[in-house]
J.: 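Have a look at this one before I ask anything.
Because the structure is a prediction, the values reported are computed rather than measured. All heavy atoms count here, side chains included; hydrogens, waters and symmetry mates do not.
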Amino acid sequence: MLTSSAVFARGRVQERVQYVDLEAYFEAQKILQLDVLKIDIEGSEYDLINTFPGLFQMANILFLELHDVNGRRAQARSFLEACGLAQAGPTLRNGADELLAFRRQEL
């Protein structure tokens with residue numbers, strides 16, 4: 001999650017990029033909720049879920065591009081439901097990828 005890459009005509013180039021630990025930032029700023037969380041990180045969404053599960057518990061609306069990495073798609077959906085998020089609207093497909101919207105369930 002700390003590297004980024006781009007593919008050029010002559011091959012792949014990798015470069016380290018700085019990042020912000022969102023959970024630490026939100027804690028320091030005393031932010032308890034996120035109105036909208038959008039994730040499109042090309043298969044690394046599973047690493048994000050494992051590393052920063054609290055982000056999903058804070059989100060009221062989630063837009064997510066979900067890749068089928070090692071058959072983990074159902075596991076990710078179960079995790080989101082456990083966080084109180086329910087799918088809002090149909091699943092949109094872009095090849096093998098799913099484009100999804102989730103909304104916090106009413107209590």
Side-chain angles (χ1 to χ4, degrees):
M1 290 178 22
L2 303 180
T3 61
S4 180
S5 64
V7 177
F8 299 95
R10 62 185 182 277
R12 181 173 292 271
V13 176
Q14 284 198 339
E15 184 166 334
R16 288 207 170 273
V17 294
Q18 292 184 341
Y19 78 104
V20 174
D21 179 331
L22 292 178
E23 283 186 332
Y25 175 81
F26 293 145
E27 184 178 325
Q29 299 298 317
K30 298 184 180 8
I31 297 171
L32 303 176
Q33 282 187 33
L34 300 174
D35 292 328
V36 177
L37 178 61
K38 180 195 175 280
I39 300 170
D40 181 359
I41 52 178
E42 306 308 318
S44 292
E45 55 273 12
Y46 301 100
D47 293 331
L48 186 70
I49 287 170
N50 291 333
T51 306
F52 300 109
L55 291 178
F56 299 89
Q57 295 166 344
M58 297 171 63
N60 290 321
I61 296 173
L62 170 66
F63 296 102
L64 173 66
E65 182 181 40
L66 193 59
H67 298 77
D68 191 17
V69 176
N70 298 324
R72 296 168 60 192
R73 197 177 268 160
Q75 180 184 3
R77 286 176 176 266
S78 293
F79 167 78
L80 296 172
E81 289 174 9
C83 288
L85 296 165
Q87 189 169 337
T91 299
L92 303 176
R93 297 209 186 319
N94 180 18
D97 305 331
E98 293 181 348
L99 307 173
L100 304 161
F102 292 86
R103 170 177 251 147
R104 176 135 329 270
Q105 297 178 20
E106 299 292 326
L107 299 176

J.: Would you compute the distance between atom CZ of Arg73 and atom CG of Asp68 and round it to the nearest 0.5 angstrom?
T.: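 Reported value, rounded in 0.5 Å steps: 4.0 Å.
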J.: Between Leu55 and Gln57, is any pair of side-chain heavy atoms under 4.5 Å apart?
T.: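 Not touching, per the 4.5 Å side-chain cut-off.
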J.: About how many Å separate OG1 of Thr51 and CD1 of Ile49, when rounded to the nearest 0.5 Å?
T.: 10.0 Å
J.: Going from CZ on Phe56 to CZ on Phe102, what distance comes out if it is rounded to the nearest 0.5 angstrom?
T.: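 Between atom CZ of Phe56 and atom CZ of Phe102 there are 10.0 Å.
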J.: Treating Glu23 as the side-chain partner and Gly54 as the backbone partner, does any N or O pair qualify as donor plus acceptor under 3.5 Å?
T.: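 Indeed, once roles are kept as given, a pair shorter than 3.5 Å links the two residues.
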J.: Between Asn94 (side chain only) and Asp97 (backbone N and O only), is there a donor and an acceptor less than 3.5 Å apart?
T.: no
J.: For residues Asn70 and Tyr46, determine if any side-chain heavy atom of one lies less than 4.5 Å from a side-chain heavy atom of the other.
T.: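 No, their side chains stay 4.5 Å or more apart.
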J.: With sequence neighbours excluded, what pairs up with Gln87 under the side-chain hydrogen bond (donor to acceptor under 3.5 Å, both in side chains) test?
T.: Arg77, Thr91
J.: Enumerate, atom names and distances included, each donor-acceptor pair closer than 3.5 Å involving a side-chain atom of residues 29-38, sequence neighbours excluded.
T.:
from  : atom 1 : to    : atom 2 : distance (Å)
Gln33 : OE1    : Asn60 : ND2    : 2.8

J.: Side-chain contact test, heavy atoms from C-beta onward, threshold under 4.5 Å: evaluate it for Glu45 versus Glu65 and give yes or no.
T.: no
J.: Using the side chain to side chain contact (heavy atoms under 4.5 Å, CB included) definition, which of the options Leu48, Leu80, Leu99 pairs with Leu64?
T.: Leu80
J.: Testing the basics here: between Asn50 and Pro53, what is the closest heavy-atom pair and its distance to 0.1 Å?
T.: O-CD, 3.9 Å
J.: Ignoring hydrogens and geometry, is there a side-chain-to-backbone donor-acceptor pair from Arg103 to Leu62 under 3.5 Å?
T.: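 Flag not set: sc Arg103 to bb Leu62 has no pair under 3.5 Å.
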J.: Do the non-hydrogen side-chain atoms of Leu22 and Phe26 ever get within less than 4.5 Å of each other?
T.: yes
J.: State, with a plain yes or no, whether a side-chain heavy atom of Arg104 is found less than 4.5 Å away from one of Leu85.
T.: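 Yes. Closest side-chain heavy atoms under 4.5 Å.
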